[in-house]
Amino acid sequence: MGILSAAVAAAATAALERAAEKLPKENREPFERTNHRGESVTLLEGPIAVLGALAGVAAAGKTPGKVKAAAILAGSVSGAVGAYDDLRGTTQAKGFRGHLSALKRGEVTSGAVKILGVGAAGLAAAALLPRKSTGVKALAGVVADGALIAGTANLTNLLDLRPGRALKAVAAVNAPLAAVNGPAGAVVGAAVVSAPSDLGERSMLGDCGANGLGAITGTALAASLPRPLKTLALAAVVALNLASEKVSFTKVIAENPVLDKIDQWGRRPR
């Protein structure tokens with residue numbers, strides 16, 4: 001089921017990329033942004049990758065219906081609120097603290113809409129996943145899985161600051177599950193096809209792509225991992241999200257020879 005979903009996601013992503021290349025310039029301009037080099041790139045990679053991955057999830061024949069529905073819900077809603085932030089967002093408030101502080105002042109930022117939307121999508125998707133427990137244990141499981149889904153979506157977005165970084169991360173996390181897990185395979189398929197343009201600095205995922213693919217990744221983890229590994233994954237995701245408020249991932253990666261080498265794979269020379 002994972003191999004089929006990967007193939008469908010790859011084919012759908014490639015077809016959407018070709019269609020986007022034919023769009024008139026005026027339709028592409030709202031998605032143009034300036035990257036870390038000061039060069040123009042397109043954010044169309046994000047919605048294309050998410051739609052491709054969702055097609056892959058939908059095509060995963062042996063994936064339980066509830067898992068498929070959870071992944072589609074998490075990916076589509078997280079991608080949609082991410083797209084809203086891409087197109088309507090400002091840089092006046094940054095990070096959880098910045099957006100929540102603005103919310104306390106009565107200012108509803110696009111980032112706050114995204115945070116609330118991704119969180120709600122994570123919880124709703126978690127509620128759809130099959131469970132063996134009932135009552136309080138089931139409720140605790142929904143909350144934990146919802147946090148894993150939303151946290152993975154946000155963490156993926158935090159990595160989307162250099163070419164290919166977020167795609168490498170989601171591909172690496174999903175690859176071990178891709179052969180047997182439909183949503184995981186779908187993310188790998190979409191990521192592989194999106195990588196050349198992203199690494200070539202012609203496009204980037206943006207909030208739409210990073211949040212959408214990250215949410216599907218979180219759903220794959222929540223649906224597949226045994227409880228001990230799921231607990232470790234949640235702890236790591238929460239820790240990294242909290243750390244991002246204090247440290248720069250880009251600086252940490254640049255100062256670590258191994259991480260920096262991985263970060264540079266496939267990229268244009270500095």
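- For the pair Val238/Leu234, a side-chain contact is recorded, criterion being any heavy-atom separation below 4.5 Å from C-beta on.
- No single ILVMFWY cluster, assembled from side-chain heavy atoms under 4.5 Å apart, contains both Val143 and Leu128.
- Placement of Leu159 and Leu240 within a single hydrophobic cluster is found when ILVMFWY residues are connected by side-chain heavy-atom separations under 4.5 Å, directly or transitively.
- The residues Arg202 and Glu17 are annotated as not salt-bridged, no charged nitrogen and carboxylate oxygen being separated by less than 4.0 angstrom.
- Heavy-atom contacts from other residues, nucleotides or ligands closer than 6.0 Å to CZ of Arg268 number more than 12.
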Test log, rule side chain to side chain contact (heavy atoms under 4.5 Å, CB included), inputs His36 and Thr250
CA-CA 11 Å; His36 69 109; Thr250 295; over 6 Å; no
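- Between Arg33 and Asp86 there is no salt bridge, since none of the side-chain N atoms of the basic residue sits less than 4.0 Å from a carboxylate O of the acidic one.
- A salt bridge does not link Asp263 to Arg162: none of the charged side-chain nitrogens sits closer than 4.0 Å to a carboxylate oxygen.
- Of the possible donor and acceptor atoms, none in the side chain of Ser224 sits under 3.5 Å from a partner among the backbone N and O of Leu221.
- Here the closest non-hydrogen pair linking Ala49 and Ser194 is CB-OG, 3.6 Å.
- By the criterion of side-chain heavy atoms lying less than 4.5 angstrom apart, applied directly or through intervening Ile, Leu, Val, Met, Phe, Trp or Tyr residues, Leu161 is not grouped with Ile253; the two fall into different hydrophobic clusters.
- Residue Ala171 comes nearest to Ala191 through the heavy atom pair CB-CB, 4.5 Å, listed as atom of the first residue, atom of the second, then distance.
- Counting heavy-atom neighbours within 6.0 Å of Lys230 NZ, excluding the residue itself, gives a total above 12.
- Here the shortest heavy-atom pairing between Val67 and Pro130 reads CG2-CD, 3.9 Å.
- The minimum heavy-atom distance between Ser203 and Ser197, with the atom names listed, is OG-OG, 2.7 Å.
- Across all non-hydrogen atoms, the minimal contact from Leu54 to Ala71 is CD2-O, 4.2 Å.
- Shown here for Ala74 and Ala215, the closest heavy-atom pair between the two residues is O-CB, 3.5 Å.
- The closest donor-acceptor contact from the side chain of Thr13 to the backbone of Ala190 lies at 3.5 Å or more, if one exists at all.
- Side chain of Asp85 to backbone of Lys114: no donor-acceptor contact under 3.5 angstrom is found.
- Under the 3.5 Å distance criterion, the side-chain polar atoms of Asn241 are matched with a main-chain donor or acceptor of Val237.
- How far CG of Leu73 is from CD1 of Ile216: 10.5 Å, rounded to the nearest 0.5 Å.
- Cluster partners of Ile48 are Leu16, Leu23, Phe31, Val41, Leu43, Leu44, Leu51, Leu87, Met204, counting Ile, Leu, Val, Met, Phe, Trp and Tyr whose side-chain heavy atoms approach within less than 4.5 Å, directly or via other members.
- A donor-acceptor contact shorter than 3.5 Å is absent between the side chain of Asp198 and the backbone of Pro163.
- Qualifying side chain to side chain contact (heavy atoms under 4.5 Å, CB included) partners for Ala195, counting only residues two or more places apart in sequence or in other chains: Leu167, Leu199.
- Within the structure, side-chain hydrogen bond (donor to acceptor under 3.5 Å, both in side chains) contacts touching residues 166-175 (residues at least two apart or in different chains) are Asn174-Thr217.
- In this structure, a donor-acceptor pair under 3.5 Å is present between the side chains of Glu32 and Ser40.
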